[in-house]
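Here the structure comes first, spelled out in structure tokens, and everything after it is commentary.
This one's a predicted model, so the numbers in the text were calculated from it and none came from an experiment.
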Amino acid sequence: MKTMIKRLCIFAAGAAALVSAALATSCEKDETQEKYVYILDNDKNGIQEVSFNTAGGTQDFLMYSNYGSWKLVPTYEEDLEWLSYWPTEGVGDARFSAMVEKNTTAYQRHGTLNIVVDGLSVATIRFNQAGDEPKLKVNVKESGKTVSVKGETFTVGVESNIDWVAELVDPADASWVTIGDFTPVSQTFTCAANPGSEPREAQVRIRAYGTSVSCVFAIMQADRSSAFEEAEKITVADLLAMGEGKIARNVYVAGSVISDRTTRNYPVAYSTGGGEQVNNTMFIQDETGGLWIEFDDAADNTCDLNQVVTLHMYGQHIERDAYTNGLKIAGLSSTAVQSAVAGTPVEPVVIDDLTKLPAYENRLVTLRNVEFALPYGTLVNINERVSYLGIKQGAAYQASADYNDLTIEYGHYLRDAKGNTAKLYTTWSFTERALSMIPEGAGDITGIVNKRYKCDVYDGRDQMRRPVESWCVRIRRESDITNFKAPAASRLSKTVMQIGPWTDNAGAMQSVTASVGQGQLKHSVGEDVLGSTSGNTQQMYLAWAHARCTAATWDAVKNAWLPAYGNTKGVQYVAVMAQGWWKNTAAVNTDTDGCCWILSNLSTKGFTGQISLQFTASSNTAGPMYFQMEWADTDNAKTWTPIGNEYVASNWHNSIAAPEYLFVLPDELKDRESFSIRLRATRQRNASDTENTASGTSRIGVVRMSCLDL
């Protein structure tokens, strides 16, 4: 906070003497004494006026007075919306403070606080606050708004910190466009039917008062030849074959709704810098393919699971989504839905090979006989209380996109009987995300196939990041996970070794030993584990992981998950943390600049199938970002063999999750009596993507080494 104080010069010489005299005679009642009140800052300077920037802040005051009882009263009661103070009343000399809230509007704020005695103001303090920069945004796509030839009424959302007005750029367009009701955050427009044989277009301006800030968008209406009654029915495949751009043909498609708008677990509309997740997504499917649809307004998404819908596509837009690289209908108009009637559920395609997912983009499939490679936690392991991070990753966190896809999403690795993997994704808004635990065995999963493109893969050979195409499945509801039996009877893979999950521990532990199989977790800065949430560079220590370890229930009245998410036993898994990652002079079992997690004395004796290592891991903002997996015969080996290329640890302050990692180990580690694996920090670059600093903490959760007999 930057505060400017206007000091009263008249106090410079006499204030101290006057106050001293007032204090010296304060025990004697003298009715002839002249009344006084002095308001000073902490440095005993007179103060009449305080100014704040948009961030707001607090200011302390000293008051010397012989008036007796007094109260603090604002001149205008509405100033209490941004100005608060305490205490509100007192007797004689006192200290009090005032706080000014953050100003998100573009208007300056001014208020006066009065010192009131017997109903009269005997002194005042003026508060001034600067206004923010004018901001104005409308939720209309850059391509504009297409309306039905029959006419329609629609509402445009407006985000602004200043008063605004809607107007037609050409007043002549008022012959068919009427500017209707408005609220501080919306404006309604009514468009008349087009009786002519020519399309028409109007330009609308939303203008901020007293500034040059404005938003202009187009309203487009086709002629009568484009009416739905004249449209040609085509398949979803034919529609997508048109490619990106505005649909100029008068066509319609019909299909069954395969998404569930009540539970919501689909790609979302991402707003820059975060924001609310918009419930505007729907998927439909016909016999030729699946179609991803984003409504122009979430209020228009009223179609239910299994309904058969008819969509008029003339004038709509096919766009390529930046996150998935897939095609979608963007900003579907409410009038495009011609009908929605009850239908029968779509019969999903059954596949038992995850490599076949690309053939079924945006379609409903059942994955037969798959398992969760790391079966811990609920369907989405995030801190539901943390919302300030918003939806979209900041630029500083994009480098960790291999495993930390988006703040609001969480992926669990699925594995089929052939060893192929894909992820099951759940989003922040998925209403059944925490209702049950992930099953440990193998079974069937039904969901919608989506493409993913934004998770870049880092190639350590030339230190380049390249976007790659990957595929995932999104369930519609928890009941889409079926036929999972007891682990011993149905698990595809055998657990060779497992370390964790840990429980809270009051005292230090000398080592972390595998609960299944043979192995031990160490760290090159030391081997003791401190049973608390703090430590030093010579210790590993326990801390809470952002992962639910018990199922939750939803309380609709409180609008919250129960049990409440937080650092509470029985709610979260515990992880092991360490710090001091770069050039630590106390480091052992390493001769490199970067320290490492060490999985010591491992054994795969008797296991000859595909061996893989799964774990959860992340770093704080100052912790290490780049890691390399390596193996050697012993912990103190001088030479270590890399396993794959560098990988990236996510920033847990951004993901608020326990991201999963899965690596297939080389054939040399099959049926091996003893060996070690280390996860080594390779660069002094932290999880905030800042160079020359990697001094913070990194955590590791449940570690599982498994074998799949192919």
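- Sorted by first then second residue, the ring-ring contact (aromatic ring centres under 6.0 Å, His included) pairs that include residues 150-172, not counting sequence neighbours, are F154-F189.
- Closest approach of V346 and L364 over heavy atoms only: O-CD2, 3.9 Å.
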* Give the C-alpha distance, both sets of side-chain angles, the deciding distance and a yes or no for salt bridge (charged side-chain N to carboxylate O under 4.0 Å, His left out) between K451 and E469. => CA-CA 7 Å; K451 183 190 295 184; E469 188 175 271; 3.6 Å; yes
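- Here the closest heavy-atom approach between residue N194 and residue R200 is recorded as CA-NH2, 3.5 Å.
- At a threshold of 4.0 Å, the pair R249-E232 counts as salt-bridged, since one of the basic side-chain nitrogens sits closer than that to a carboxylate oxygen.
- In the model, N420 has a side-chain atom that pairs as donor or acceptor with a side-chain atom of D353 under 3.5 Å.
- Remark: the backbone N or O of A227 is not paired with any side-chain donor or acceptor of E230 at under 3.5 angstrom.
- Across every non-hydrogen atom of T427 and N265, the tightest pair is N-OD1, 2.9 Å.
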* **side chain to side chain donor-acceptor pair (under 3.5 Å) between E478 and S436, intermediate numbers included** => CA-CA 8 Å; E478 192 270 338; S436 61; 3.1 Å; yes
* To do: List the steps and the verdict of salt bridge (charged side-chain N to carboxylate O under 4.0 Å, His left out) for K135 and E159.
  => CA-CA 8 Å; K135 297 173 185 176; E159 297 179 25; over 6 Å; no
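- At a cut-off of 3.5 Å, with distance as the only test, no side-chain donor of E294 or T281 sits close to an acceptor on the other residue.
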* To do: Test Y107 against D163 for side chain to side chain donor-acceptor pair (under 3.5 Å), laying out the working first.
  => CA-CA 10 Å; Y107 299 105; D163 291 336; 3.2 Å; yes
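- Under a cutoff of 6.0 Å and an axis angle of 45°, R363 and F283 do not form a cation-pi pair.
- In this model, no donor atom of one side chain and acceptor atom of the other lie less than 3.5 Å apart for T263 and E432.
- A salt bridge is absent between R109 and E81: the closest approach of a Lys/Arg side-chain nitrogen to an acidic carboxylate oxygen does not fall below 4.0 angstrom.
- Side-chain N/O atoms of H312 and N250 include a donor and acceptor closer than 3.5 Å.
- Using modelled atom types, one finds a donor on one side chain and an acceptor on the other under 3.5 Å when comparing T188 with T155.
- In this structure, the side chain of N128 does not engage the main chain of F52 through any donor-acceptor pair within 3.5 Å.
- Of the possible polar contacts, none joining the N280 side chain to the A298 backbone as a donor-acceptor pair under 3.5 Å is found.
- Note that the CG atom of L327 and the CD atom of E244 stand 6.0 Å from one another [nearest 0.5 Å].
- Two residues are said to be in side-chain contact when any heavy atoms from C-beta on lie closer than 4.5 Å; V204 and I219 meet this criterion.
- The minimum heavy-atom distance between T378 and H412, with the atom names listed, is O-NE2, 3.2 Å.
- Within the 3.5 Å criterion, the main-chain N or O of H110 finds no donor-acceptor partner in the side chain of Q129.
- Applying the ring pair (Phe, Tyr, Trp, His ring centres under 6.0 Å) test to Y252 and every residue at least two apart in sequence or in another chain returns F228.
- At a threshold of 4.0 Å, the pair R207-E167 counts as salt-bridged, since one of the basic side-chain nitrogens sits closer than that to a carboxylate oxygen.
- Looking at N139, its side chain does come within 3.5 Å of a backbone N or O of G157 through a donor-acceptor pair.
- Between the side chains of S333 and T146, not a single donor N or O lies within less than 3.5 Å of an accepting N or O.
- Between K141 and E319, at least one side-chain nitrogen of the basic residue sits less than 4.0 Å from a carboxylate oxygen of the acidic one, meeting the salt-bridge criterion.
- Nearest heavy atom pair, residue A193 against residue P195, reads O-CD, 3.1 Å.
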* To do: Just do the side chain to side chain donor-acceptor pair (under 3.5 Å) check on N450 and R474 with the steps written out, would you?
  => CA-CA 7 Å; N450 284 159; R474 297 175 184 273; 2.8 Å; yes
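- Using modelled atom types, one side-chain atom of D416 and one backbone atom of L354 make a donor-acceptor pair closer than 3.5 Å.
- In terms of modelled atom types and a separation under 3.5 Å, the side chain of E152 and the main chain of S148 share a donor-acceptor contact.
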